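What follows is a single structure, written as structure tokens, with notes after it.
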Amino acid sequence: MRMSQLFSRTLREDPAYADTRGYALLVRSGFIKQLGAGIFTLLPLGVRSIRKIEQIIREEMDAIGGQEIEMPVVNPADIWKETGRYYSIDKEMARFQDRVGRDMVLAMTHEECVTSVASHEIDSYKQLPQFVYQIQTKWRDDPRPRAGLIRVREFTMKDAYSFDTSMEGLEKIYEENYHAYFKVFNRCGLPTIAVGSDSGMMGGKVAHEYMYLSPIGEDSIVTCSSCDYTANRQVAAFVKHIEKNGEPAPLEKIATPGTSTIEELAEFLSVSEKQCAKALFMMGTFVDPETNEEVQRLIIGVIRGDMEVEENKLQNAARANALRTAHPDEIKEKKMFPGYGSPIGAAEDVIVIVDDSVAGSSNMVAGANEEGYHFINTNFGRDYSGTVADIASARAGDTCSVCGHELKMNRGVEVGNIFQLGTRYSEAMGLTYQDENGRRQPVIMGSYGIGVGRLLACLAEEYQDENGLKLPISVSPYQIHFVSLMKDQAFSEELYKKLSDAKLSVLYDDRKESPGVKFADADLLGIPVRITLGNRGFKEGNLELKYRSDLSTMHTLPIEGAVDELKKIVEELESSLR
RNA sequence: CGGGGCGUUGCCUAGUGGCUAAGGCGCUUGCUUUGGGAGCAAGAAAUCGGAGGUUCGAGUCCUCUCGCCCCGACCA
């Protein structure tokens, strides 16, 4: 490609709106251009990188038996109603009606579609297992896009779906994907770790997320300092050291004026925060299975005073579709009092979720649901009841539940995920097969996603320096950046043709610009191999060779045989990422 | 959806009630220059996001609205 012909151009300054450096560099170098919040155009350089990433994904999916398909972005709402997600997913999914008023949606993932398709294709155990994937556009109306391609509303995702007759089969393909994902990320050059995760809106049990650890990440990742335990904080387990506080004593209400926080309360009563039970009030959204209508119910999460509630855990324990902070009036309506709240004396329809730290302790201090009053000696089971669950948020320094060593906390960006779905979708949509005995059985499914654009965004965060991007050759838009400084371009043209004929992908800077401009742009775009032809070197019969990974070292490359030598260099670089 | 911020030319910014809206980068033309963002000269490009209002006078103040960004809530 001739740089003089390139559709995009480079910017000398960071755009004001870019909140991460990788984003700024992708914009400045002409990979992407924003059209609206979370909506981007991929420019030619961006497309070339994305295509290479997609090709790597294809190869690795094919290698484990994946068959590529392409499903429609627009889905009839019916199939989403069948699984209930039409109702359980809120504004994140775009809905509209077609010309005759049929409900339609923009598919934000394709479990419904693929299950529907598979139900027409699959009838017999002899056809299973199956594994299909697609690379395709999704629209998710995220309330808060940010950081360029890290979090967008329209994005390209590789999504894959497995169909099996047994859990063993599912585990096998899950395992194969688990490793294939690492191959994909390794070939792209992105360091990732797999962490145990919540299955979120996908449903199902076992799930992993692939995390690129970075301060710009929005997820909190718990890792053990000693063993290989890792998990998203949303689900991370840790050891709770529980102190019983003695045999249950009689419940007593006492005046505790001005103690609406746990610190104030513990101080006032001269007890440890660990002996207090604090309450978090949330409004949960549930879907009535009969009417498919949304209902709101108040949830109280009870946790020991020295811990914080992990809302995701609370939501799962309460089996709510969504949570939001409850208003004080909503709390009072259920006979509880914010700041002095507890499940004791609460209205009957309140969902009570009690952290095991509180359930396992005795004689806790808890709110009396009256301003300025607390109970002492409250005991779970005697004074109130509810669902016992782990709803506590893990923190750095907590104890690993696997090996007993200290847990660490990191930020991470989720670039991929894999879910064991089980039969949730096949049962809801009647995807069954006949087994050897002629009996109908639901197909066991898995789903596997990679955010393609997000992967590029993560690479831009990982591979950069003060001069610009320096993407690995496996995802770089071109292999070679050929900077010509010759006044007479005839020889450069010839060399460019030879390089192209040798099937090397070359960005050829043939512009009538000063050397400084060309070098600065070459640094910014960060094509891994750079050759420069100037008048001096030309006289001596040499090209200059630099690697973007080490700009301070200049190599000399004889023009004679340069094409073969470059082919070797490129091949070596490429093979280091296979 | 709450809280905050910002919309001035392709990009970055100045302008804080008073003349024809200013500068840098980029762009066009000419001449010069040619190894790390060149020089000189001449140009083009902005209904100051939009609507309404206050005022003798509004980019500037007020109201509404749209868009974008940030912090939360939420998500791949």
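Only a predicted model underlies this, so the values are computations on that prediction, with no experimental measurement involved. Lettering of chains follows the sequences in order, A, B, ..., and the numbering in each one begins at 1.
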Counting only Watson-Crick or G-U wobble pairs whose two distances fall under 3.5 Å, which nucleotide matches [N]?
N     : result
B:C75 : none
B:U34 : none
B:G26 : none
B:A58 : none
B:C68 : B:G5
B:U47 : none

In terms of side-chain heavy atoms of [X], which of [options] is nearest?
X        : options             : result
A:Phe519 : B:C75, B:G35, B:C27 : B:G35
A:Pro143 : B:C74, B:C69, B:G36 : B:C74
A:Val517 : B:G26, B:G35, B:G37 : B:G37
A:Asp142 : B:G36, B:C27, B:C74 : B:C74
A:Thr532 : B:C69, B:G35, B:G37 : B:G35
A:Pro15  : B:C12, B:G26, B:C74 : B:C12

Review point. What's the spacing between A:Ile135 CD1 and A:Ile69 CD1 if we round to 0.5 Å?
Key: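 Reported to 0.5 Å precision, the distance equals 12.0 Å.
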Check your understanding: How long is the gap from CZ on A:Arg530 to CD1 on A:Ile480, to the nearest 0.5 Å?
Key ->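 It is 13.0 Å, given to the nearest 0.5 Å.
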Heavy-atom contacts under 4.0 Å between [range] and RNA chain B, which residues?
range                       : value
residues 451-470 of chain A : A:Arg454
residues 542-549 of chain A : A:Glu544, A:Lys546
residues 34-56 of chain A   : A:Gln34, A:Gly36, A:Ala37

Reckon [X] touches a base, only the sugar-phosphate, or nothing at all at heavy-atom distances under 4.0 Å?
X        : result
A:Gly534 : base
A:Arg511 : nothing
A:Asp523 : base
A:Asp521 : base
A:Ile150 : base

Between [Y] and [X], does any NZ, NE, NH1 or NH2 come within less than 4.0 Å of an OD or OE carboxylate oxygen?
X        : Y        : value
A:Arg548 : A:Asp465 : yes
A:Arg146 : A:Asp19  : yes
A:Lys81  : A:Glu112 : no

Rounded to whole angstrom units, what separation is found between the [atom1] atom of [X] and the [atom2] atom of [N]?
X        : N     : atom1 : atom2 : value
A:Asp509 : B:G35 : CG    : C1'   : 13 Å
A:Lys512 : B:U28 : NZ    : P     : 12 Å
A:Leu485 : B:U33 : CG    : P     : 17 Å
A:Phe538 : B:G35 : CZ    : C1'   : 16 Å
A:Glu311 : B:A73 : CD    : C1'   : 8 Å
A:Met283 : B:C74 : CE    : P     : 15 Å
A:Glu92  : B:C1  : CD    : C1'   : 14 Å
A:Lys518 : B:G26 : NZ    : C1'   : 18 Å

Using atom [atom1] of each nucleotide, how far apart are [N] and [M] to the nearest Å?
N     : M     : atom1 : result
B:C11 : B:C68 : C1'   : 16 Å
B:G17 : B:G10 : C1'   : 31 Å
B:G59 : B:U47 : P     : 13 Å
B:A41 : B:G36 : P     : 24 Å
B:G7  : B:A14 : P     : 8 Å
B:G23 : B:A42 : P     : 13 Å
B:U20 : B:A58 : P     : 12 Å
B:C48 : B:U9  : P     : 10 Å

Review point. Which residue, A:Gly537 or A:Arg146, contacts RNA chain B at a nucleotide closer to its 5' end, judged by nearest heavy atom?
Key: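 Final value for this comparison: A:Gly537.
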Check your understanding: A:Asn535 or A:Met282: which one's nearest nucleotide on RNA chain B is closer to the 5' end?
Key ->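 That would be A:Asn535.
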Distance-only side-chain donor-acceptor flag, [X] / [Y], under 3.5 Å:
X        : Y        : value
A:Tyr448 : A:Ser162 : yes
A:Thr20  : A:Glu461 : yes
A:His208 : A:Tyr174 : yes
A:Glu462 : A:Ser214 : no
A:Glu311 : A:Gln315 : no

**Study point:** A:Arg12 side-chain N/O to B:G26 phosphate OP1/OP2 under 4.0 Å
**Key:**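 Result: yes.
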Check your understanding: Is the number of heavy atoms from other residues, nucleotides or ligands under 6.0 Å of A:Arg319 CZ greater than 12?
Key ->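 Count not over threshold, so no.
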Check your understanding: Hey, is the side chain of A:Arg151 pairing donor to acceptor with the base of B:C74 inside 3.5 Å?
Key ->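 Flag set: donor-acceptor pair detected.
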Review point. Is there a donor on the side chain of A:Glu13 or the base of B:G24 sitting less than 3.5 Å from an acceptor on the other?
Key: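 Side chain to base: pair found, below 3.5 Å.
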Review point. Taking the six-membered ring for Trp, are A:Phe538 and A:Phe491 parallel (under 30°), tilted (30 to 60°) or perpendicular (over 60°)?
Key: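 The arrangement is tilted - the two ring planes meet at 30° to 60°.
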Point to revise | Parallel, tilted or perpendicular, as decided by the 30° and 60° cut-offs, for the rings of A:Tyr23 and A:Phe40 | key: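 A:Phe40 and A:Tyr23: perpendicular rings.
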**Study point:** Of A:His110, A:Glu70, A:Gln67, A:Glu68, the residue whose pairing with A:Gln134 passes side-chain hydrogen bond (donor to acceptor under 3.5 Å, both in side chains)
**Key:**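 For A:Gln134, the side-chain hydrogen bond (donor to acceptor under 3.5 Å, both in side chains) check succeeds only for A:His110.
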Check your understanding: Just wondering, do A:Ser474 and A:Lys52 contact through their side chains at under 4.5 Å, heavy atoms?
Key ->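 A:Lys52 does not reach A:Ser474 side chain to side chain.
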Review point. Can A:Arg454 be said to sit on top of A:Phe155's aromatic six-ring, NZ or CZ under 6.0 Å from centre and within 45° of the ring axis?
Key: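 A:Arg454 over A:Phe155 ring: no.
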